[in-house]
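Structure, as C-alpha cells:
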Amino acid sequence: MGQDLTVTGVRLTPILVADPPLLNTQGVHQPYTPRLIVEVVTADGVTGVGETYGDTKYLDLARPLADALRGRSVTAVGGLQELAARVCGDVPSATGADAVDAGGLRGVQTADKLRLSVVSAFEVACLDALGKAVGLPVHALLGGKVRDSVDYSAYLFYRWAGHPGGAGEADDWGAALDPAGIVAQARRFVRDHGFTSFKLKGGVFPPAEEIAAVRALAEAFPGRPLRLDPNGAWSVETALHVARELGDVLEYLEDPTSTTARMAEVAAGTDIPLATNMCVTTFAEIPEAFARGAVQVVLSDHHYWGGLLATRDLAALCRTFGVALSMHSNTHLGISLAAMTHVAAVVPQLDHACDSHYPWQTEDVITERLVFEDGRLAVGDRPGLGVELDRERLDRLHRRWLDDDGTFRDRDDAAAMRVADPRWRTPSVPRW
C-alpha cells in the first residue's frame, strides 16, 4: 500500500537568531534577526522543514497558508503560489520608484514578493518531506544533480567589533572599518573555509574608501574573483567612476545603482558585468532588464522567486537569453543553505560562486552545521534536504522570540544604527 503524503499538520516557529554588527548602506544588522521555520507533517508522520524571513509581515501571510495546506499532498507544490495568492491576502508594502526594503535590501517591495518568500519555505518543506518519504534527495526531485559540490564566495562586511552597549552575542572577529580590516577578514575566511572568491558589501563609506578596500584585496589575493555590492547606493556617474577605477580586478559589480533604468545606463558605459538581486527578483521584471541589457548576472534566491522549482525555471530563462547566473544570500540558517545547495546542484549553468552569510551565523536549528571545504559545499544524497531539525535549539531560539518586546521581530537596520547614532535616518538613493 502506498504512503499517505497528505499534509495533516503545519508548524510555524518564529525565532530570533544572533546576528553580528554588519554594516550596509541602510545601517547595521540588529543584534538578533527574525527567521521562520516551517514544518510540514504528513499523515504517515514524515516531517519536512523549510525556512524563510520571520518578520511580522511574513508571519501574517504564513498563517493562512499553513491552514490552507492541510489536506493537500506534499506533491502538490506546483499549486502553492496560486494557493497563497488566494488565501493570504495583501500586506502593506513599500511604494515609489526608489523604495527599498531595509531588511532584505531587495529593491521595491510588493505584496506579491512577500508572498513568494513565504511560499518558498512551504515548498522546500514539502519537497523535504516528499524526499524523506520516497528515499530521494531533493536534488533528485528537481531533476538530478549535475555537480557534486557547489562553490561559495566569502562574504565580506565592514563591521563593528560589537553591537552598541554590548547588546547581542559577542564574537571574536573584531572591527573591520578600513582596507586592512577587510583584508584581515578575508584571510580568516580563507583559513577557516577555504574560499577562493570574495564579495565586499559596499555602500557604507564614500566610494573612494571602498575602491581602496577592493584594491587591497586584489593585492592580497592576486587573480582571485572580487565583487563589490553597494546595494544601489550610487548615482550612475559614481557607478561609472568606480567601474573605471576597478575595471581590471572586478568579476562583476552588483547593484551599483537602483532601478533597471539606471542599471541600463551604467551597463552601457562599462564592460564590467552588472549583477543584481534588487531590480530583477521576479519574472515580471525580467523582460525590461534583459531587453535593455541592464543586467549581465542574475543573483537568484529561492526565497525571492518562490522556491526551488521557480529558481530552476529562472536558470533556464537566463540560459536562453545569455545572462549569467549565481545566487544571492541573506542572513540564513542551515535549512536555507541546504535548499540553496540542492537547487544549485541541478542548474547546468552556474557561472559564479554563490553568496552565503552562513559563516557569520553562530546559531542554527539543525543538528550538524554544514561545513565548507575549499570554499565548497558537498551535495549530499541523503533523503530530502539531508538536514535534521534540532528541537532543543529551535525551542531556545523561539523562546528568545517570545521574550522579545517587539524590538527585533521586524528587521530594521536603520533602527539598529540609531542606537549608535540617534540622528541616523535611512539614506535616500543615490547616496553618492
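Only heavy atoms go into these numbers, but all of them, side chains included; no hydrogens, no water, no symmetry mates.
- For the residue pair H139 / D381, a side-chain donor-acceptor distance below 3.5 Å is found, with atom types taken as modelled.
- A donor atom on one side chain and an acceptor atom on the other are found under 3.5 Å apart for T407 and D405.
- Using modelled atom types and a 3.5 Å distance limit, the side chains of R431 and N231 yield no donor-acceptor pair.
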Query - Steps toward side chain to side chain contact (heavy atoms under 4.5 Å, CB included) verdict (L130, V138) - result: CA-CA 8 Å; L130 178 58; V138 165; over 6 Å; no
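- Side-chain N/O atoms of D255 and T276 include a donor and acceptor closer than 3.5 Å.
- The pair D171-R159 meets the salt-bridge criterion, with a side-chain N (NZ, NE, NH1 or NH2) lying under 4.0 Å from an Asp/Glu carboxylate O.
- Checked by atom type, the side-chain pair D4/T6 shows a donor-acceptor distance below 3.5 Å.
- Side-chain contact of S149 with R376: a donor-acceptor pair under 3.5 Å is present, judged by distance alone.
- Taking the six-membered ring for Trp and the full ring otherwise, F189 and W173 have centroids separated by under 6.0 Å.
- Residues S117 and T52 come closest through the heavy atom pair O-OG1, 2.8 Å.
- The ring pair (Phe, Tyr, Trp, His ring centres under 6.0 Å) test applied to W424 returns no partner, not counting sequence neighbours.
- The side chain to side chain contact (heavy atoms under 4.5 Å, CB included) test with L337 is passed by exactly one of C354, S329, S356: S356.
- No side-chain donor from either of Y158 and K201 sits under 3.5 Å from a side-chain acceptor of the other.
- Salt bridge annotation for D410-K57: absent, with no cationic side-chain nitrogen under 4.0 angstrom from a carboxylate oxygen.
- Under 3.5 Å, the side chains of E251 and H352 contain a donor-acceptor pair of N or O atoms.
- The CE atom of M340 sits 13.5 Å away from the CG atom of L385 when rounded to the nearest 0.5 Å.
- Judged by distance alone, the side chains of H303 and S336 do bring a donor and an acceptor atom under 3.5 Å apart.
- Between the side chain of S153 and the backbone N or O of S197, at least one donor-acceptor pair lies under 3.5 Å.
- Pairs engaging residues 338-350 under the side-chain hydrogen bond (donor to acceptor under 3.5 Å, both in side chains) rule: Y152-T341, Q349-D351 [sequence neighbours left out].
- By the 4.0 Å N-to-carboxylate-O rule, R35 lies close enough to E51 to be salt-bridged with it.
- The two residues P256 and P230 make their nearest non-hydrogen contact at CA-CG, 3.6 Å.
- With respect to V343, the side chain to side chain contact (heavy atoms under 4.5 Å, CB included) criterion is satisfied by exactly one of L350, V150, L142, L309: L142.
- In this model, a donor atom of one side chain and an acceptor atom of the other lie less than 3.5 Å apart for K113 and T281.
- Ionic pairing of D404 and R400 is not present here: no N-O contact between side-chain nitrogen and carboxylate oxygen is shorter than 4.0 angstrom.
- Salt-bridge check for R391 with E39: passed, with a basic side-chain N closer than 4.0 Å to an acidic carboxylate O.
- For D413 and N24, the side-chain atoms include at least one donor-acceptor pair closer than 3.5 Å.
- For R224, the side chain to side chain contact (heavy atoms under 4.5 Å, CB included) partners at least two apart in sequence or on another chain are T196, F198, F221.
- Sorted pairs that involve residues 299-320 and meet salt bridge (Lys or Arg N to Asp or Glu O under 4.0 Å), not counting sequence neighbours, are lacking altogether.
- Pairs engaging residues 19-42 under the ring pair (Phe, Tyr, Trp, His ring centres under 6.0 Å) rule: H29-F157, Y32-F408 [sequence neighbours left out].
- Within the structure, every pair that satisfies the salt bridge (Lys or Arg N to Asp or Glu O under 4.0 Å) test and touches residues 62-83, not counting sequence neighbours, is listed here: D60-R63, D67-R70, E82-R86.
- Salt bridge status for D55 with R409: absent, with no side-chain N to carboxylate O gap under 4.0 Å.
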